[in-house]
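Inspection log for the structure reproduced underneath, given as structure tokens.
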Amino acid sequence: MRGGVFMLGWQPTIKHYQSIFAEISIQANCWPTEIIGRSVTPVLPCPIVGSYLRLLGVSVGMAFLVALIVTVLAYPLAYFLTFRAKANAPLLLTVLILPFWTSYLLRIIAWRIILGPNGLINSLIVGSGLSQHPLTLLQYSREMVIVTLVYVWLPFVALPIMAGLQRIDKSLLEAAAILGSPPWESFVRITLPLSLPGVIAAFVMVFIPTVGEYVTPLLVGGSSGSMYGNIIETFFGDGLNWPLGAALAFVMLLGVLILVGAITRMIDLRRFVG
Amino acid sequence: MNKFRFPAFPLYYVLLVVLLYLPIGVLFLFSVNNGIVFSFPLKGITDHWYRDMVKNGELVAALRNSVAVAISSSLAATALGTAAAIALARFEFKGKAVFLTIALMPLLVPFLILGVALLILFAALQIDRSLVTVAIAHTVVSLPYTLLILMARLVGFDPKLEEAAQDLGATYPYTLGRVILPLIAPAMLAAWLLAFTVSFDEFVLASFLNSGKPTLPVYIFGQLRFANRFPQVVALAVLVMVLSIILFLISGWLQQLGSRAALEQRLGRGE
């Protein structure tokens with residue numbers, strides 16, 4: 001089997017790179033079960049029309065949204081833990097981060113149990129007689145992928161933001177207060193700008209892994225939630241087209257490296273890691 | 001004169017923490033629920049999913065695979081991380097920044113790409129996929145964590161201790177064994193535990209490099225198709241979560257224990 005795979009050759013050619021940009025017909029874009037060799041829902045579903053590149057665009061858009069929501073949600077948490085929580089801060093931080101160190105797969109599955117079409121919320125709604133039918137809103141979808149990923153990343157992103165906030169010189173805030181600046185103005189003109197490196201670090205640390213995400217879409221994405229990572233996974237798995245998969249992966253890697261390069265020119269990411 | 005301040009921040013914190021723990025609570029309830037489908041009201045409490053789980057040979061085998069991979073990869077990552085951290089924190093050499101960037105790269109590259117790259121690499125080298133290749137992959141992704149923990153510890157104590165030992169005639173290996181390693185031992189243990197947790201939960205790389213001997217996450221993923229086995233899988237997952245949490249807490253405690261900053265803080269507060 002390995003020999004077989006190896007003999008296929010994995011080196012992508014120009015042709016494979018071209019096909020990333022090429023428009024693909026709906027027909028070619030669906031995975032018939034004969035190719036996949038299993039009877040579960042097709043990994044790459046039909047509604048995606050266009051090119052692989054466009055799907056990369058969609059994935060980048062989703063990752064951007066996830067990173068943005070997570071960063072915005074986590075900022076007040078980091079602010080609270082840095083400036084308000086005082087002696088309780090280490091304990092509160094530990095409580096916040098703990099879920100991040102539990103199985104990522106299981107936390108996604110938990111959301112399936114809660115939000116899924118046959119999930120907890122729907123069973124409560126039907127059971128309590130609020131509605132005869134389960135909510136159609138709770139279908140596996142792109143939106144559910146985004147909600148789940150926000151949940152997965154939230155405990156973690158407060159850390160880099162806190163690292164940014166902790167480095168702010170408190171005497172600047174005192175000086176502003178003495179000179180009569182109201183708290184909100186001190187926040188907008190001192191705290192927020194000075195905390196931006198931490199915020200950017202947090203954003204990037206969510207954005208990059210999310211662009212390459214494929215497990216969450218598999219579990220809660222349903223037929224419309226697929227991301228770029230799902231095609232790569234398919235080509236290296238049941239779809240068996242290593243050259244095209246390698247070409248797709250390399251395009252993504254290139255994008256990630258360019259982004260990391262650009263960001264590290266602005267801030268020192270290493271200070272916020274770990 | 002203290003005017004009442006609406007506790008917006010604490011409330012916000014509590015709300016988010018409740019949301020974060022809700023799914024974990026649901027998983028736990030599911031694992032003791034006497035029924036295959038999870039819905040309210042619960043059908044009674046049972047421990048039979050836990051008992052089924054112990055009897056499930058495949059599941060126990062997957063657990064054993066995971067433990068083997070996690071132990072070997074975390075040991076390797078801790079050894080490499082310690083060596084790299086000492087080199088980076090104590091010595092000057094050409095290409096230091098590049099070396100550190102490359103060592104931390106696995107934190108910044110999506111696991112999917114790492115998985116694909118390692119898959120191709122092992123195929124090109126004609127190395128069969130096995131638990132060994134999974135362990136190698138896990139060593140690569142655990143290394144940034146062990147390196148950072150150990151570097152933080154090495155920066156935290158005075159290099160003069162090592163210089164003093166060597167001034168007094170100790171050879172470098174002797175200094176390493178009698179001064180440096182004992183001082184960073186808690187951090188090494190913390191790093192090892194964290195690396196163990198990283199490996200134990202890792203799914204993407206383990207599934208790309210899996211050879212029919214699945215690790216636990218890979219096995220769990222495969223079982224999702226079978227609704228009747230799902231409760232046992234969740235029962236196991238709950239146990240794994242408890243284990244991960246304990247390891248993480250011990251690791252955090254050890255890092256605190258070892259860090260001079262924590263000590264100084266304590267002294268500063270007059271405790």
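Residue numbering restarts at 1 for every chain, and letters A, B, ... go by the order of the sequence lines. FYI, side chains are in, hydrogens and waters are out, and symmetry mates aren't considered; it's all heavy atoms of this structure.
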Between [X] and chain A, which part of the residue has a heavy atom less than 4.5 Å away: side chain, backbone, both or neither?
X	value
B/Leu27	side chain
B/Leu249	side chain
B/Leu243	neither
B/Val17	side chain
B/Phe200	neither

For residues B/Ser74 and B/Trp192, is any side-chain donor paired with an opposing acceptor at under 3.5 Å?
-> yes
Donor on one side chain, acceptor on other, A/Thr210 and A/Glu213, under 3.5 Å = no
When B/Ile24, B/Ile149, B/Val204, B/Val109 are compared by non-hydrogen pairs under 4.5 Å with chain A, the top option | B/Val204
Option that, when pairs with chain A are counted at under 4.5 Å, heavy atom only, ranks first among B/Leu22, B/Val242, B/Val116 = B/Val116
Only counting residues at least two apart or in another chain, list the ones meeting ring-ring contact (aromatic ring centres under 6.0 Å, His included) with A/Tyr214.
-> none
Any idea how A/Trp153 and A/Phe100 line up, ring-wise: parallel (<30°), tilted (30 to 60°), or perpendicular (>60°)?
-> tilted
Can you give each donor-acceptor pair under 3.5 Å made by side-chain atoms of residues 7-14 of chain B, sequence neighbours left out, with the distance rounded to 0.1 Å?
{"from": "B/Tyr12", "atom 1": "OH", "to": "A/Leu73", "atom 2": "O", "distance (Å)": "2.5"}
{"from": "B/Tyr13", "atom 1": "OH", "to": "A/Leu92", "atom 2": "O", "distance (Å)": "2.5"}

